[in-house]
Number of protein chains: 2
Amino acid sequence: MIKIETCLTPEILHLHQLEGKIAVVTDVLRATSCMVAGLNAGVKSVIPVKKVEEALTYAAKGYVTAGERGGVKVEEFTIGNSPYEHMEEAYHGKSICMTTTNGTVAIDAARKSADQVVIGALLNVSSIGRYIKEQQKDVIIICAGWKGNPSLEDTLFAGALVDQLKDEVEITDDATYMALSQYQSAKNNLSEVIQNHASHAKRLSGLKAQNDLAFCATEDYCDVLPILNGDEITIK
Amino acid sequence: MIKIETCLTPEILHLHQLEGKIAVVTDVLRATSCMVAGLNAGVKSVIPVKKVEEALTYAAKGYVTAGERGGVKVEEFTIGNSPYEHMEEAYHGKSICMTTTNGTVAIDAARKSADQVVIGALLNVSSIGRYIKEQQKDVIIICAGWKGNPSLEDTLFAGALVDQLKDEVEITDDATYMALSQYQSAKNNLSEVIQNHASHAKRLSGLKAQNDLAFCATEDYCDVLPILNGDEITIK
């Protein structure tokens, strides 16, 4: 039986063994939602980097750059981290180099030892579920959280994924059970729960950000499986 | 309004500011449940220490010693970490020096900068709630967890405490909201939820441990407020 565990923040990732496992990295608000939505719309690949300086070297080579620090678009970048920006036609067929406060840090931590790194968001949660059932490998869900602390929206993604798999996996830690139970009590009004209770939602203000939030809370908007190959995330 | 936050594991305590706050430390299975039950029964004080070696220096001075490593009683100690042992008449009026895998580590982390350190368990959750309402100071709930990872039973304690205070506090992080919602969905069958889903419960086997577990899941068994004064925990 597939074993599944959840790391609620990269800050405690060192307590987990990643070797031989599929790492599902999520940052629902909004890094991995941007990646999923962009790749689904036609973006060729996403290159996640940890630092703004690294992204700027890609910019110098003509790449599209995207991302934020502390929730604010980096001035020199082409776009920020609204999923709608990542879906724009101008970037179809292009590679986007992206760095964010939490999401790309989590991807970087995962890539060092996991067998595979796949990119999850509520937008593509069923695609991830189906892929895990096919692969029959142990799974660790890595939530990006917010500056080292757990976040509600990422925990809800973990719960949504476990909910899909619950008859076929063995839950090996309390965080996974708690994520599942959190999701089960919120699943009929995910968008409202995130809107009203996620501290990240309180940091986002304005109509544009509210639209992003509602979009990122949509389960199964699309059927794509973004996976890290070398330095690039592409659709499998 | 009182601000309340929750640290699901001491591993991320460095991300929290403790200065000026009441730190409520919990390790439901079983360190803080032992302290609460023992002090309520008549134990004079509990001296929490981080290391087995420190406890042995207290043993040499004639103190009662208690605790475990990895869930197993330390051989040289007087008693382990069953709350029933801590309640025995033999220890009434005595001071117990205690060290455990997770609980006393969390107390040690809290004492360095919090304004006050109080000891919470499901057994005395209402006493803690009343004390916080009296004090009107900001609160951080520190869950001992298990070897750095969050644990279900400690998260449920956090939720139970927040549930008591929810009309009088401002929740400032996602962990607190998640703990509250976890508790609210489990509160009618806390003992069964812990028994069936806490990984710690799976590590405890045998009738004695099952009795401990059911006891530790009892809300408001007693009305005591253990607080750290210098090196000793006594009832306020």
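Below, each value reflects all heavy atoms present in this structure, side chains not excepted, and no hydrogens, waters or symmetry copies. Chain A is the first sequence line, chain B the second, and so forth, proteins listed ahead of strands; every chain is numbered from 1.
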* Non-hydrogen atoms of G148(A) and I12(B) that approach each other most closely -> O-CG2, 3.9 Å
Enumerate, by atom name, each donor-acceptor pair separated by under 3.5 Å where one atom lies in chain A and the other in chain B.
residue, atom, partner, partner atom, Å
E11(A), OE2, H14(B), NE2, 2.8
H14(A), NE2, E11(B), OE2, 2.8
H16(A), NE2, N149(B), OD1, 3.4
N149(A), OD1, H16(B), NE2, 3.4
L152(A), N, D174(B), OD2, 2.7
D174(A), OD1, S199(B), N, 2.7
D174(A), OD1, S199(B), OG, 2.7
D174(A), OD2, L152(B), N, 2.7
S181(A), OG, Q182(B), NE2, 2.7
Q182(A), NE2, S181(B), OG, 2.6
S199(A), N, D174(B), OD1, 2.7
S199(A), OG, D174(B), OD1, 2.7

* **L156(B), part contacting chain A, at a heavy-atom distance under 4.5 Å** => neither
* To do: Name all pairs fulfilling the ring-ring contact (aromatic ring centres under 6.0 Å, His included) condition that reach into residues 148-171 of chain A, sequence neighbours left out, sorted by first residue then second.
  => none
